Amino acid sequence: MAAIRNVVILTGAGVSAESGVATFRGPGGLWEGQRVEDVCTPQALARDPALVHRFYDERRAKLASVAPNPAHLALARLDAEWPGELLLVTQNVDDLHERGGSMRLIHMHGELKSALCAGCGHREAWEESLPPGCECTVCGAPLLRPDIVFFGEMPYRMEAIERALAEADLFVSIGTSGAVYPAAGFVQTARYHGADTLEMNLDPSQGSGWFAESRLGPAGVLVPEWVEEMLA
Ligand code: APR
């Protein structure tokens, strides 16, 4: 492998699966009999705010009963010990990467433990349930909503992510089906800029063909092995 200095890592629901957090498109990808995609939309929020808020309240409450798995811990070790640039971009809204110790981290689809004011854009840490109508502590409007990027909304920090992909020597995708853009296109951007590419996933993803190397298996096994290789 050519000299690697700048690393960009993308994670999806598969990295949290072994912690007991359900993935979206695998078995159990339904919620109250609905496709998740039908719940995480601005239209659903406008049509039935109580249902959408309840969906995220249940997922936020579940965080207390799950813990980082060896994949999260290995990624945090790499973050701490890697001498070059490193950015972990996660599609996940759980807090397992933080709790595992990752620091250089971007949540491109938002976070369960954050509330966003649909009025003024202020966001604040939120641990409890968030019913519709909670007032923003900055502008006072009763417009706090889950700080989650819904389908059709722009993911967060895309400029920083694109910059990191342009500078990457290695792009690694872990535990994502490659079904949702723009994350699914990151491998193409990285390749365009000359990065080496590696995928680790339980099953071949929709983007497997774009990766120079694809390792199949559970993240809890593959990621610690890969981090050992990187730090050797
Ligand atoms: N180890 C590694 N990979 C796993 C594991 C595991 N233990 N278990 C499942 N996987 C893989 C599956 O094979 C699948 O390819 O993780 C992937 C999970 O895919 P999805 O459920 O589609 O989740 P994700 O790719 O993160 O979804 C992307 O879609 O619903 C939206 O915004 C939501 O961020 C989410 C986005």
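This chain uses plain numbering: 1 for the first residue, then up along the sequence. Quick caveat: nothing in here was measured; it's all calculated off a predicted structure. In each ligand, atom 1 is the first atom listed, and ligand 1 is the first ligand listed.
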V180 and ligand 1 - part of the residue with a heavy-atom distance under 4.0 Å: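 Contact part for V180 vs ligand 1: side chain (C-beta onward).
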Ligand 1-proximal atoms of A219, by part, heavy-atom distance under 4.0 Å: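 Both backbone and side chain.
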Nearest neighbour in protein (non-hydrogen) for [atom]:
| atom | answer |
| --- | --- |
| atom 14 (C) of ligand 1 | N201 ND2, 3.9 Å |
| atom 5 (C) of ligand 1 | G14 O, 3.6 Å |
| atom 34 (O) of ligand 1 | H109 ND1, 2.9 Å |

Could you list which atoms of ligand 1 come closer than 4.0 Å to a heavy atom of [X]?
| X | answer |
| --- | --- |
| G217 | 1 (N), 2 (C) |
| G175 | 3 (N), 16 (O), 17 (C), 18 (C) |
| G12 | 26 (O) |
| E18 | 1 (N), 6 (C), 7 (N) |
| P218 | 1 (N) |

Any side-chain donor near an acceptor of the partner, S177 and S205, under 3.5 Å: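 Their side chains do not contain a donor-acceptor pair, so the 3.5 Å distance test is not met.
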Check: H72 side chain, N69 main-chain N or O, donor-acceptor pair, under 3.5 Å: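 Side chain of H72 to backbone of N69, a donor-acceptor pair under 3.5 Å: yes, one is there.
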